[in-house]
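Some notes on the structure that comes next.
Residue numbers run from 1 in the order of the sequence given. All ligand and atom numbering here is 1-based and tracks the order in the structure.
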Amino acid sequence: MKIVVIGGSGLIGSKLVRKLREHGHEAVAASPDSGVNTLTGEGLAEALKGASVVVDVSNSPSWEDAAVMKFFETSTRNLLDYEAAAGVGHHVALSVVGTERLLESGYFRAKMAQENLIKGSSIPYSIIRATQFFEFVKGLADISMVGDKAHLPPVLFQPMAADDVASAVGGIAVGSPVNGTVEIGGPEQFRIDELVRRRLALLKDPREVIADPNALYSGAKVSERTLVPGNDARLGETTFETWLTQPASQIPSAKAQPARRAS
Ligand SMILES: NC(=O)c1ccc[n+]([C@@H]2O[C@H](COP(=O)([O-])OP(=O)(O)OC[C@H]3O[C@@H](n4cnc5c(N)ncnc54)[C@H](OP(=O)(O)O)[C@@H]3O)[C@@H](O)[C@H]2O)c1
């Protein structure tokens with residue numbers, strides 16, 4: 001089966017392409033690096049020729065409110081149009097658990113717009129909402145700095161390994177479209193401030209983490225369970241402890257982009 005992975009050079013995309021190929025699929029990694037740009041449409045017709053499935057694990061280079069909205073709206077519209085023309089039978093997209101509870105954030109308004117375009121299109125689809133990646137825990141400090149301290153809300157979250165995200169996305173991509181939303185999460189819950197504090201200490205990063213009930217998450221107010229998936233979520237196997245023994249945990253953040261904000 002030919003499966004085009006939009007954002008195939010990214011954190012999740014590169015793992016997904018490898019896993020799909022290991023399972024014998026023709027997985028094509030598509031991104032500006034390989035001449036495919038969903039914002040302009042460049043290279044899309046050629047990449048989608050003969051594809052059964054398109055998986056969108058791209059992300060906007062800028063998380064500024066207007067830029068991120070333009071990215072997800074334009075790229076999703078283009079993708080769905082080119083998929084219809086190419087006869088693609090399944091559109092899979094990666095979104096974030098709690099998106100509809102985080103709409104004070106420009107990033108999450110853009111993810112919501114992406115989801116709504118997919119639901120309104122004629123292409124059968126599966127939307128996968130994941131919790132935060134372990135690889136992103138240090139990034140949570142980076143986007144939460146007030147002066148020289150990271151201010152984080154002491155609420156629950158249930159992060160997961162990027163490798164488990166890629167496995168779950170791959171499994172859904174090769175199945176029938178669910179025409180709905182599937183939640184995935186990690187095997188354990190933590191308080192955000194505690195895990196970020198622990199991660200920074202392990203990285204010998206001297207920044208202090210303050211548990212601040214008024215701190216925003218990516219610009220949105222959060223409460224105890226805003227970021228936690230529902231009871232039907234499919235859970236990854238990798239615990240934070242196990243992930244720490246893996247090479248991925250030695251990299252401070254998989255794709256360090258200090259200007260970015262949390263997703
Ligand atoms: N971070 C989290 O904790 C979290 C949690 C749940 C869900 N998510 C979602 O997971 C998804 C993937 O995140 P990630 O961290 O794997 O992303 P990432 O590592 O930042 O990779 C982004 C990818 O998007 C591609 N891209 C950028 N502009 C593009 C364009 N115009 N056309 C086509 N491709 C383009 C990039 O290609 P180049 O390399 O060629 O620039 C890259 O392959 C996002 O949609 C995010 O909302 C994230």
Side-chain angles (χ1 to χ4, degrees), residues 4-18 27-44 47-48 54-63 67-79 82 92-99 102 105-115 118 127-143 157-166 168-169 181-186 192 195-196 199 217-218 227-229 233 236 243 248 251 253-263:
V4 177
V5 179
I6 305 291
S9 58
L11 172 63
I12 302 299
S14 53
K15 293 176 187 295
L16 176 60
V17 166
R18 200 186 59 241
V28 176
S31 75
D33 269 359
S34 53
V36 180
N37 190 325
T38 50
L39 273 179
T40 61
E42 182 199 348
L44 264 181
L48 265 49
V54 170
V55 185
D56 184 5
V57 286
S58 65
N59 209 352
S60 173
S62 165
W63 294 8
V68 71
M69 182 60 86
K70 180 166 178 271
F71 179 87
F72 280 113
E73 280 192 334
T74 309
S75 63
T76 305
R77 275 202 189 100
N78 280 338
L79 261 180
Y82 279 90
V92 180
L94 185 57
S95 190
V96 190
V97 163
T99 291
L102 292 160
S105 154
Y107 186 86
F108 288 98
R109 285 196 296 276
K111 293 300 286 185
M112 200 74 243
Q114 176 191 19
E115 290 191 8
I118 294 166
I127 293 171
I128 301 158
R129 284 183 167 187
T131 57
Q132 292 65 40
F133 313 151
F134 291 150
E135 284 77 354
F136 193 63
V137 173
K138 175 187 167 285
L140 290 173
D142 299 341
I143 61 155
F157 77 147
Q158 201 168 320
M160 65 191 297
D163 206 53
D164 286 346
V165 177
V169 172
T181 303
V182 173
E183 284 191 327
I184 60 175
I192 298 190
L195 201 68
V196 172
R199 178 77 176 127
Y217 177 84
S218 187
L227 302 174
V228 173
W243 179 76
I251 309 166
S253 68
K255 224 179 171 192
Q257 303 225 1
R260 289 186 162 194
R261 304 169 64 196
S263 66

Checklist entry - Can you say whether the rings of Phe108 and Tyr217 are parallel (under 30°), tilted (30 to 60°) or perpendicular (over 60°)? => result tilted

Item to check | Thr131 heavy atom under 4.0 Å from ligand 1 | outcome: yes

Next on the checklist: On a heavy-atom basis, I'd like to know which of Pro32, Ala162, Ser58 is closest to atom 29 (C) of ligand 1.
Outcome noted: Pro32

Item to check | Proximity winner for atom 3 (O) of ligand 1, if only heavy atoms of Phe134, Phe71, Phe133 are counted | outcome: Phe133

Next on the checklist: Side chains of Ser31 and Asp33: any donor to acceptor distance under 3.5 Å?
Outcome noted: no

Checklist entry - Does Ile6, backbone or side chain, put an N or O under 3.5 Å from an N or O of ligand 1? => result no

Checklist entry - Just by distance, do the side chain of Ser34 and the backbone of Ala29 share a donor-acceptor pair under 3.5 Å? => result yes

Item to check | Numbered atoms of ligand 1 (with element) below 4.0 Å of Val36, judged on heavy atoms | outcome: 32 (N), 33 (C)

Checklist entry - So is Leu11 polar-close to ligand 1, meaning N/O to N/O under 3.5 Å? => result yes

Checklist entry - Based purely on interatomic distance, does Asp33 place a nitrogen or oxygen under 3.5 Å from a nitrogen or oxygen of ligand 1? => result yes

Checklist entry - Any idea which atoms of ligand 1 are less than 4.0 Å away from a heavy-atom of Ile12? => result 16 (O)

Checklist entry - Just distances here: any N/O of Asn59 and N/O of ligand 1 closer than 3.5 Å? => result yes

Item to check | Heavy-atom side-chain contact between Val96 and Gln132 under 4.5 Å | outcome: yes

Next on the checklist: Quiz question: by atom type and distance under 3.5 Å, do the side chains of Gln158 and Thr131 form a donor-acceptor pair?
Outcome noted: no

Checklist entry - Atoms of ligand 1 less than 4.0 Å from Gly10 heavy atoms? => result 19 (O), 21 (O), 42 (C), 43 (O)

Next on the checklist: I'd like to know if the side chain of Asn37 reaches the main chain of Pro32, judged simply by a donor and an acceptor atom lying under 3.5 Å from each other, with no hydrogens or angles considered.
Outcome noted: no

